[in-house]
Amino acid sequence: MRDLDETTITDEVLQAISRTPDARVRDVSEAIVRHLHAFVREIEPTQAEWEFGIDFLTRVGQMCSNVRQEFILLSDTLGVSMLVDAINHRKPKGATETTVFGPFFVEQRPELPLGANMSTGVDGVPMFVSGTVCDVSGRPLAGATIDSWHSDDEGFYDVQRREDLKMRARFRADDRGRFWFWSVRPKFYPIPDDGPVGEMLAAQGRHPYRPEHVHFMIAAEGQETLVTHVFIEGDPYLDSDVVFGVKNSLITNYRECQPGLAPDGTEMAVPYLLLEYDFVLSPELRP
Ligand code: BEZ
Ligand code: FE
């Protein structure tokens, strides 16, 4: 193991890790070495470029806190999160497609009864959200939990500029798998871009925006938990989502409704939007 040069070093490193006892750790370690060495051979970085790369990753780590995960943003903006999502959700036909989880889910979200408004006191256009939760054979999933969260009408999540939790809640589907609740219309927004990931996007000539969407996480006994969003037709960023999360099957449109009786019997004094989406969960994969 002496006098290694650029033609011999990769094999020597692979040899050194070939006796890794755990097979998965060995496979992962070997793949990292093969791909990293191939990357360096392709790029042929100068010493200064290599130091810049190390400094960039250091700053990504330093930006992380309990309310900011810059490494996940890096994974999201390089398309890695959606690739991992795709590999892990090869769904049966008819099941609702998945997309990125994102950093704005909050464990302590309120649990509200069906029909409640999860955005009381928040300015914006009223939005009535409703739909069903079924399995792939069309059987309604009574009691499924429906978590939803989204931005306000200026593109900010509650955790970005409020003290209280709004525009997010957990609901429980009724005995026919139906759910419905009130909120306010969200807006497209930039992902947090005041850190190294934002610098990277600027250097790549990319914008930091995600198209308007409502997040859902839906869980039911015996089914794979579904993490997805519903997007809105016509949004200017549908074809350039900074985290590559848009799927055609997840795009829908609002129905614009005039003042009057809403579907849940609420007498609306102002115009409101109806967002309807039916979710299909796939069976839980058993090991
Ligand atoms: C989100 O949709 O909340 C999100 C997803 C990925 C990165 C940033 C935000
Ligand atoms: Fe989001």
*Asks:* Only counting residues at least two apart or in another chain, list the ones meeting ring-ring contact (aromatic ring centres under 6.0 Å, His included) with Phe105.
*Replies:*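 Phe101, Trp149.
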
*Asks:* Should the heavy atoms of other residues, nucleotides or ligands under 6.0 Å from CZ of Arg161 be counted, would the total exceed 12?
*Replies:*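 Check passes, neighbour count above 12.
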
*Asks:* Give a yes or no on whether the backbone of Trp180 and the side-chain of Ser130 come within a donor-acceptor separation of less than 3.5 Å.
*Replies:*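 Side chain of Ser130 to backbone of Trp180, a donor-acceptor pair under 3.5 Å: no, none is there.
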
*Asks:* Decide yes or no for Ser183 and Lys166: does some side-chain heavy atom of the first lie under 4.5 Å from some side-chain heavy atom of the second?
*Replies:*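 Not in contact.
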
*Asks:* Take atom CG of Asp5 as the centre, draw a 6.0 Å sphere, and report whether it contains more than 12 heavy atoms from other residues, nucleotides or ligands.
*Replies:*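 Counting neighbours around CG of Asp5, more than 12 heavy atoms of other residues, nucleotides or ligands fall under 6.0 Å, so yes.
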
*Asks:* How about Thr58 and Asp55: does a side-chain donor come under 3.5 Å of a side-chain acceptor?
*Replies:*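 Absent: no donor and acceptor within the cut-off.
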
*Asks:* Check this for me: does any side-chain nitrogen of one of Glu70 and Arg59 sit under 4.0 Å from a carboxylate oxygen of the other?
*Replies:*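 No, Glu70 and Arg59 are not salt-bridged.
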
*Asks:* A side-chain contact here means heavy atoms from C-beta on lying under 4.5 Å apart; do Glu256 and Val125 qualify?
*Replies:*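 A side-chain contact is absent here, since even the closest heavy-atom pair is not under 4.5 Å.
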
*Asks:* State plainly whether the residues Lys187 and Asp153 are in salt-bridge range, i.e. N to O under 4.0 Å.
*Replies:*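 No, Lys187 and Asp153 are not salt-bridged.
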
*Asks:* Between Phe181 and Phe171, does the ring centroid distance fall short of 6.0 Å?
*Replies:*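 Yes, the ring centres sit under 6.0 Å apart.
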
*Asks:* Say whether, by atom type as modelled, one donor and one acceptor occur between the side chain of Ser148 and the main chain of Phe216 under 3.5 angstrom.
*Replies:*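 No; judged by distance alone, with no hydrogens or angles, the pair does not exist.
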
*Asks:* Does Phe279 reach the side chain of Ile146, with side-chain heavy atoms less than 4.5 Å apart?
*Replies:*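 Phe279 does not reach Ile146 side chain to side chain.
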
*Asks:* Check this for me: does any side-chain nitrogen of one of Arg162 and Asp164 sit under 4.0 Å from a carboxylate oxygen of the other?
*Replies:*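 Result for this pair is yes, salt bridge flagged.
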
*Asks:* Once you round to the nearest 0.5 Å, how far does CD1 of Ile251 lie from CD1 of Ile232?
*Replies:*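 One finds 9.5 Å between CD1 of Ile251 and CD1 of Ile232.
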
*Asks:* Got more than 12 heavy atoms from elsewhere within 6.0 Å of CG, Asp22?
*Replies:*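 Yes, because the 6.0 Å sphere around CG of Asp22 holds more than 12 heavy atoms from other groups.
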
*Asks:* Do the charged groups of Asp194 and Arg68 touch, with an N to O distance under 4.0 Å?
*Replies:*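 Here Asp194 pairs with Arg68 in a salt bridge, since their nearest N and O are under 4.0 Å apart.
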
*Asks:* Cut-off 3.5 Å, no hydrogens considered: what does the side-chain donor-acceptor table look like for residues 29-38, sequence neighbours left out?
*Replies:*
{"unit_1": "Ser29", "atom_1": "OG", "unit_2": "Val25", "atom_2": "O", "d": "2.6"}
{"unit_1": "His37", "atom_1": "ND1", "unit_2": "Thr10", "atom_2": "OG1", "d": "2.8"}

*Asks:* In terms of side-chain geometry, is the basic nitrogen of Arg41 or Glu6 positioned less than 4.0 Å from the acidic oxygen of its partner?
*Replies:*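 Looking at Arg41 and Glu6, the cut-off is not met.
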
*Asks:* Got Val13 and Leu4 here, is their nearest side-chain heavy-atom distance under 4.5 Å?
*Replies:*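 In short, these two side chains do not touch, never coming nearer than 4.5 Å.
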
*Asks:* Looking at the rings of His207 and Tyr237, which for Trp means the six-membered one, are their centres under 6.0 Å apart?
*Replies:*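 So the answer is yes for these two rings.
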
*Asks:* How long is the gap from CZ on Phe104 to NE2 on His150, to the nearest 0.5 Å?
*Replies:*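 Atom-to-atom, Phe104:CZ and His150:NE2 are 14.0 Å apart.
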
*Asks:* Please say whether more than 12 non-hydrogen atoms of neighbouring residues, nucleotides or ligands are located less than 6.0 Å from CG in Asn88.
*Replies:*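 Yes - once you tally the heavy atoms of other residues, nucleotides and ligands closer than 6.0 Å, there are more than 12.
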
*Asks:* If you define the side chain from C-beta out and look only at heavy atoms, does anything of Gln204 sit under 4.5 Å from Thr77?
*Replies:*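 Heavy-atom side-chain distance check fails, nothing below 4.5 Å.
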
*Asks:* Looking at every heavy atom in both Pro45 and Val40, which two are closest together, and how far apart are they?
*Replies:*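 In terms of heavy atoms, the two residues are closest at CD-O, 3.6 Å.
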
*Asks:* Between Arg109 and Glu111, is the closest basic N to carboxylate O distance under 4.0 Å?
*Replies:*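 Salt bridge between Glu111 and Arg109, a charged N being under 4.0 Å from a carboxylate O: no.
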
*Asks:* Does a donor on one side chain sit under 3.5 Å from an acceptor on the other, for Tyr189 and His213?
*Replies:*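 Short answer, yes.
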
